[in-house]
A.B. asks: 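One structure, as structure tokens, below. Some questions next.
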2 protein chains.
Amino acid sequence: MTDQTVPTTAAGEAATARGEQTRQLILETAMRLFRERGYARTTMRAIATEAGVAVGNAYYYFQSKEHLIQEFYARTQTEHRAAAQPVLDRESDFAARLAGVLHAGIDVLTPSHEFAASFFKTAAEPTSPLSPFSAESSGPREASIDLYAEVLTGSTAKVDAELRPQLPELLWLAYMGVVLFWVYDRSPGQTRTRRLIDGAVPLVDRLVKLSRLRVLRPVTQQVVSLIHTLRH
Amino acid sequence: MTDQTVPTTAAGEAATARGEQTRQLILETAMRLFRERGYARTTMRAIATEAGVAVGNAYYYFQSKEHLIQEFYARTQTEHRAAAQPVLDRESDFAARLAGVLHAGIDVLTPSHEFAASFFKTAAEPTSPLSPFSAESSGPREASIDLYAEVLTGSTAKVDAELRPQLPELLWLAYMGVVLFWVYDRSPGQTRTRRLIDGAVPLVDRLVKLSRLRVLRPVTQQVVSLIHTLRH
DNA sequence: GCCCCATCTTGAACGCGTTCAACTTGATGG
DNA sequence: CCATCAAGTTGAACGCGTTCAAGATGGGGC
């Protein structure tokens, strides 16, 4: 805990130091091997050997094997944003924007399905820096939440005023749910996940719009108040 | 894969063979050490030593360190059922029954919070036999779903006819969500999880009752149809 | 030209989960 | 009483992630 040891330059730092090349070399090698053999079957020794460095050297740049994955997060998030941009530029309907962004996320993840499943256990541990809720993952997480804020702000949807500020984070949470479903999805090409998105988005769209309705306002307020309670 | 090797008698089997005592001894020792030191810090060597057997002997009875946990599932489920019984006998109101059962679940889990957090990563892996969705966990899972069927059948709540058959599994899924929240809950005594239950139950109660309402019937049908789609 | 020293690199060593060939035990039946 | 053999038990050995004391490198001040 609390060992902010010396170098291990955080993800996208400037880091003009000599070793930056080595860092990139190790990272590229690791990513390639992870994709080729899966996370568990890729050993640190293999990464080091293929990169032409000593095992210990990999640990100079990355605190652990798990930390090599953090780069995967950052890249995935960047790709997700890029893949979602056309939809955000084109659509103004809330449901269309949300579905587009969710599908874009799965598009980006699809090539890594096997790899993602094998390292998912690591990310799931509450104490892990790789947990999507951890402080270490706050960068990609906030970028991702921003994406859902944009889904909302760029849309023509009218949303209950109290619910609106909470919605981006709720949508991100729903996205986490979709990813969870996707990780467990064993159907060929993860078509079930696609069906989940196509089925759930109109539902969310409907509920969001109904949130302003007389009968449902108490429910909406109950939801918002629960969120506030849980945030402390 | 597919190595249904010789003995390793499944959880609650008859198993009158000689080694049954040793099996229980190893299991009790493991459970004690897991609780005392946490999962990660308990080594197989320590379990073996404290139980007075050789390391290999533990592997004669349990395929892996992870498999020692499966017993924990079965026990937790049994205790949950027992702890929930008074509430099921006493209450007839749906919300009261649901809240009672959920709180009973967390009551039972509370002493093992640290341990649960440390082995959660293992259970989260899609391919793991410990995953709550796996075939190996079907026993405890179905027992747990039955519990939520009973929450519903013993209650006076009137539920949409199409939604009703899906509800026990949905409630179980919600319970999984509560457990997930609980695992990540770092607040002292996991009071946030308690607040989640107390906040979410009235909400679920309200939604279930509203499910029969004119305005919401389409939404209800949409939910049911989505469930059917995802089930194939 | 030389030394200094932060930066980078090395690989043997540690403790872990897991495996396995070899050994012991004790009920069975001749 | 002994031979048999499935059931149970052993601990050295393997490959893994990780650590760390020791060494190599090379730009900057003198």
A.B. asks: Does the structure place the NZ or CZ of K65(A) under 6.0 Å from the centre of the six-membered ring of Y39(A), at an angle of no more than 45° from the ring's axis?
C.D. replies: yes

A.B. asks: Whole angstroms only, please: what is the NE2-P distance between H67(B) and dG17(C)?
C.D. replies: 16 Å

A.B. asks: So do I106(B) and Q190(B) actually touch side chain to side chain, heavy atoms under 4.5 Å?
C.D. replies: no

A.B. asks: If you look at every heavy atom in P168(B) and Y148(B), which pair is closest and at what distance?
C.D. replies: O-CB, 3.7 Å

A.B. asks: Starting at atom CE of M44(B), determine the distance to atom P of dG11(D), rounded to an integer number of angstrom.
C.D. replies: 16 Å

A.B. asks: Starting the side chain at C-beta, find the nucleotide from dT9(C), dC16(C), dT19(C) nearest to Y59(B).
C.D. replies: dT19(C)

A.B. asks: Round to the nearest Å and state the distance from Y61(A) atom OH to dT10(C) atom C1'.
C.D. replies: 13 Å

A.B. asks: To the nearest Å, give me how far apart CD (E20(A)) and C1' (dT9(C)) are.
C.D. replies: 16 Å

A.B. asks: Could you tell me the separation between the OH atom of Y39(A) and the P atom of dC16(D), rounded to a whole number of Å?
C.D. replies: 14 Å

A.B. asks: Considering only side-chain heavy atoms of A54(B), which listed nucleotide, dT10(C), dT18(C), dG11(D), is closest?
C.D. replies: dG11(D)

A.B. asks: Using whole Å, what does the distance between atom C1' of nucleotide dT18(C) and atom CD1 of I47(B) come to?
C.D. replies: 13 Å

A.B. asks: Are N57(B) and dG8(D) close enough that a side-chain N or O sits under 4.0 Å from OP1 or OP2?
C.D. replies: no

A.B. asks: Specify the separation, in whole Å, of atom CD of Q63(B) and atom P of dC20(C).
C.D. replies: 13 Å

A.B. asks: In whole angstrom, what separates R41(B)'s CZ from dG17(C)'s C1'?
C.D. replies: 18 Å

A.B. asks: Touch check for V55(B), heavy atoms < 4.0 angstrom, all strands: base, sugar-phosphate only, or nothing?
C.D. replies: base

A.B. asks: Locate the shortest heavy-atom distance separating Y61(B) from I26(B); write the atom from each residue and the value.
C.D. replies: CD1-CD1, 3.9 Å

A.B. asks: Check this one for me: any side-chain N or O of T22(B) less than 4.0 Å away from OP1 or OP2 of dT9(D)?
C.D. replies: yes

A.B. asks: Can you identify which nucleotide, out of dT10(C), dA7(D), dT19(D), has its nearest atom closest to the Y60(B) side chain?
C.D. replies: dA7(D)

A.B. asks: Between G56(A) and A40(A), which has a closest nucleotide on DNA chain D that is more 5'?
C.D. replies: A40(A)

A.B. asks: Is R45(A) side chain donor-acceptor paired with the dG15(D) base, going by distance under 3.5 Å alone?
C.D. replies: no

A.B. asks: Any chance the side chains of H67(A) and S64(A) put a donor and an acceptor closer than 3.5 Å?
C.D. replies: yes

